[in-house]
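Every chain is numbered from 1, with letters handed out A, B, ... down the list of sequences.
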Amino acid sequence: MSDHDIAMTINGRRHSGTVESRISLSDFLRGDAGYTGVHVGCEHGVCGACTVMVDGRAVRSCLMLAVQADGADVVTVEGLAAPDGTLHPVQQAFRDEHALQCGFCTPGFVMTLAALTQGGARPSEEELVGALSGNLCRCTGYQGIKRACRRLSGSNMADAGEHA
Amino acid sequence: MNAPGIPAGRFIGKRMPRKEDPRLLTGRGQFVDDIALPGMLHCAFARTPIARGKIVSIDTSAAREVPGVHMIYTAEDFADQTVRMRGFFVEQEVPVRTPPLCEGRIAHVGEPFAMVVADTRHIAEDACSLIELEYEEEDPVITMAQARTGAPVHPSMADNMAGMTGVDEIGAELQAKLDKSAFVIEEHVVHQRVAQSPMETRGIVATRDGPEEFTLYITCQSPHLVARWVTLTLDIPDMSIKVIAKDVGGSFGLKNNPWREETAVMIAALKFGRPLKWIEDRYEYFIGANQAREQEMTLKLGFDTEGHMTCGHGDYDNNNGAFPHGPGDNLAVHLFMWPAYKMPDYGFVTRGCYTNTPGQAAYRGPWQMESLIREAALDRAARRLNIEPYEIRRRNLITAADQPATTGMGIMVDDITPHECMEMLLEKFDVAAFRKEQAAARKEGRYLGLGIATYIEPTAVSGIMSSMTGEFAQVRIDPTGRVTASLSTHSQGHGTATTMAQVIADRIGVRYEDVTVFEGDNSTGAFGPGAAGSRQGVIAGGAAFTASDMLVEKVKAIAAHMLNANAESITIDDGVIHVAGAPEMSMPLRELAEVAHGHPARLPEGMVSGLEAQYRYQGLPMVMTSAAHLCVVEVSAETGFVEIKRWMSAEDCGTVINPAVVEGQIAGGLAQGIGCVLLEEIAFDARGNPTAATYKDYLLPTISDVPEFEFHHRNTPSKSTGGMRGVGEGGAIIGPPTLCNAIIDALTPFGELAIDLPFSPTKLLGFIEGRDLSGGH
Ligand code: FES
Ligand code: FES
């Protein structure tokens, strides 16, 4: 198995390491870099729990090899809240709407929505819900997650605050 | 103390934000795979490729050559370790020898037969693929029908019968009553096997810390129960056992107790002396973990001409698989068939069988078959009489006026409200208007259906079944004035750190922010069986109530002494102690706490220092929760797809500590019920190979499969301290009959649809078109 030296930015910090070519980005982020908020629910690309942002796009980190992310800018759920602890609007919407129970699926849902609402974008509720059709949650029945989508959507101008 | 009718307080009854969420939302939860210990090695299992046969030989020589492999274990390496396997009811050993690693008889596809310990999981898996298994294959027993006549799955047993209650034949007296009934409805339900499917799979990190201490990080339903289980199963009474499970990614019954793989890792950790980790991958989960349901039942109900039930008989079969957590667990299905209904006479038989498939485990609402078949049969009777589904229930449900009442199975009910819950829904849903809409839609070839179901559920069982006992709370006011509590509770998403903090903050009179609840570790709190049987909010809630009240008594006594006031005149509000009529004497709780902890001389004579109280609440034998649900569906005659258009829930779970948590439990259960009815299925081919091994083949409900639910709460306080009733499982119980009834109603123009789950589009379209579209499976 060949080893590769890779380096990437994770949550604004440089991180380098040596990995076998077969190591997935999710394993690298969790094991090597210590970002255990990246959850692995299936490793088949179906559940979405491992979703992170790579160069601004939501990506299933179990389906991407760590070497493919060499040089990339990666954001995990650990990198969303402000340094003073203020939650990202997506995190806050999840908290306010009771959109999580066990929290295992949560990082994937949050990162998918964070990617879609970057730079203050406010897609419609349907677009946001539609984007989550590939994320599985076994606990909540999706009720709070739908409410969070509504809150984050363009149709809810009452809450049109700054989006990171 | 404080029995029924606790009024909503500042926090009880409010949608307080959860204490668990800030860490979970920022990726700082601590799930078992997040644990990394110095020197930790990784385990992987080699698994059997056939459902039944004999192991001839296992060749590990090539695997041992892989660099990074430390050890390979097979069953013979564990021969010197006692393993007395047991399920959730920990006092008893399971009747079937259940070895951690296959000992020679292969009983299902996916059985672990060797375990590799290596530097990384990847290396361990590489090595597993090099282990050669030589076997002699035999014809497997897969279905319940095969189990009846097939050779015993476990050769030590005479047949495949795992358990039986009741009598096979309908008694002559009951048969006579059935014969005399105006009409008899015979309902037959085939419920597929499903997977509990927590998003976090099973996993464990085990480390032997010297000769006397054993520490386990394990995803489970109660660290206390796991500690007890390990002591008994491995027979290691002299070891100190610490079990940590801070965050658990769902369980739903699966993680009630450790099972084969976790036990293998524990034994290896004891032998090898380095920390070992095993995290199940999703493929292993689908082929190797215990599963649920796979039941068939026939219910015969006699009715008089008015639609009152006269008698009934239930015949129930359950496929336990090869190594069930508890082969007798499902035998109680009949017990809870009728407590909400007037049923004069009921006979039954239940059979559980062993097959060459993965064993069964508990799953949320383990006896939901009783509600599914009963509610479906009642609807068929209503159609027979040409009356509405609610009408047949009005004629047969036990109402407030009928109580107290004792059902045929000896269960006493005195505060159930399924009838009242149903009436609550009928006030909000116009059935007559719906029937008009339905008739008009049918003319356009659109098939709408209405489903109603009612039920009651025994929750918070305590003191009448082993393991199911009281809950414990220790509440402390620290010298800083902050309140901390250690409870016997454990959350796999239940939010007990939130709800218990609400109770404690309310009862003591401090801010919600000032309360921290510790759980998730058997070194805090005391024994409790954890999240099983919808019990924690009820019983632990009662313990938190009483422990808090006891602590308040002490605060008042100290305050009265310090302030030279009357204890009765003292109140605590927002963390400040007040004396009635003397606002100038108010003092922060912290000031009193400093005295209580550090200045014993300033305490009343004879009082011990410190500021804490603890209480174990035994609870009632059981607390009944009632509900009625109603849903509207449209079934497409072109595609067979079911669209859920509306879903209303009226639930009576007594005092609601946090409505968002309660509704979350109901919604999560309903989504699982919807999955059972429409999507999910664990199936096997004729050789016992699983046909679903990823989430691409095993369909979980997604965000677009689950409608938005409308919640209505009736709040009849129970007699349990605090007045709560359990709510964890109800949605999974009442979801399937509500949805099945709606689908059957929608398709009545095509005949009476029998329940054979899942109702896949292919099956429904086949029914609509009157032909089998399944492609010969
Ligand atoms: S773990 Fe990546 S999609 Fe499930
Ligand atoms: S909150 Fe548990 S899986 Fe979504």
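Between A/Q143 and B/E708, the closest heavy-atom pair is OE1-CA, 3.4 Å. The minimum heavy-atom distance between B/L25 and A/F94, with the atom names listed, is CD2-CB, 3.6 Å. Of all heavy-atom pairs between B/A671 and A/G141, the closest is CB-CA, 3.6 Å.
Counting only distance, with no hydrogens or angles, the side chain of A/Y142 and the backbone of B/P701 share a donor-acceptor pair below 3.5 Å. Listed for the B/R18 side chain is no donor-acceptor partner under 3.5 Å among the backbone atoms of A/R95.
To the nearest 0.5 Å, atoms OG1 (A/T36) and CD1 (B/I35) are separated by 9.0 Å. Considering SG of A/C139 and CD of B/Q672, their distance stands at 7.5 Å, rounded to 0.5 Å. How far NZ of A/K146 is from OG of B/S704: 7.5 Å, rounded to the nearest 0.5 Å. One distance of note links OH of B/Y283 with SG of A/C42; it measures 15.0 Å at 0.5 Å rounding. To the nearest 0.5 Å, atom CD of residue B/Q492 and atom CZ of residue A/R138 are 14.5 Å apart. Remark: A/E43 CD to B/T694 OG1 distance equals 12.5 Å, nearest 0.5 Å.
In this structure, the portions of A/Q91 lying under 4.5 Å from any heavy atom of chain B include both its backbone and its side chain. For A/V110, the part lying under 4.5 angstrom from a heavy atom of chain B is the side chain only. Both the backbone and the side chain of A/L100 come within less than 4.5 Å of a heavy atom in chain B. Contact of B/A693 with chain A is made through the backbone alone, with heavy-atom distances under 4.5 Å. Neither the backbone nor the side chain of B/E663 comes within contact range of chain A; no heavy atom of the residue lies under 4.5 Å from a heavy atom of that chain. Neither the backbone nor the side chain of B/L670 comes within less than 4.5 Å of any heavy atom in chain A. Of the two parts of A/D27, only the side chain, counted from C-beta on, holds a non-hydrogen atom closer than 4.5 Å to a non-hydrogen atom of chain B. With a 4.5 angstrom heavy-atom cutoff, B/D33 touches chain A via backbone and side-chain atoms both. The part of A/T106 that comes within reach of chain B is its side chain, from C-beta onward, which places non-hydrogen atoms under 4.5 angstrom from that chain. Within the 4.5 angstrom heavy-atom criterion, no atom of B/D247 approaches chain A. Heavy-atom distances place the side chain of B/F31, and not its backbone, under 4.5 Å from chain A. Contacts between B/F252 and chain A at a heavy-atom distance below 4.5 Å involve the side chain alone, from C-beta outward. Within the 4.5 angstrom heavy-atom criterion, atoms from both the backbone and the side chain of B/V706 approach chain A.
Considering only heavy atoms from C-beta on, A/L136 comes within 4.5 Å of B/T702 through its side chain. Proximity of B/N658 to A/H98: side-chain heavy atoms (C-beta onward) are separated by under 4.5 Å at one or more points. In this structure the side chain of A/L80 never reaches within 4.5 angstrom of the side chain of B/T26, judged on heavy atoms. For the pair B/V661 and A/Q101, the minimum side-chain heavy-atom distance is 4.5 Å or more. Side-chain contact between B/M199 and A/C47 is present, with at least one heavy-atom pair separated by less than 4.5 Å.
Chosen from B/L24, B/D21, B/I703, B/D705, the residue pairing most often with chain A at heavy-atom distances under 4.5 Å is B/I703. Of the listed residues B/P198, B/P22, B/S491, B/A36, the one with more heavy-atom pairs under 4.5 angstrom with chain A than any other is B/P22. Ranking B/Q196, B/H122, B/Q30 against chain A, the residue ahead of the rest is B/H122, based on heavy-atom pairs under 4.5 Å. Interface check for chain B: of the options A/G79, A/G130, A/G37, A/C102, the most heavy-atom pairs under 4.5 Å are formed by A/C102.
Partners of B/Q536 by side-chain hydrogen bond (donor to acceptor under 3.5 Å, both in side chains), not counting sequence neighbours: none found.
No more than 12 heavy-atom neighbours from other residues, nucleotides or ligands sit within 6.0 angstrom of CZ on B/R28.
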List the steps and the verdict of side-chain contact (heavy atoms from CB on, under 4.5 Å) for B/D34 and A/R30.
CA-CA 8 Å; B/D34 303 340; A/R30 288 182 53 79; 2.8 Å; yes
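Annotation: B/Y695 is not in aromatic contact with A/H44 [ring centroid separation under 6.0 Å not met].
The existence of a salt bridge linking B/D126 and A/R22 is confirmed by a sub-4.0 Å separation between a basic side-chain nitrogen and an acidic carboxylate oxygen.
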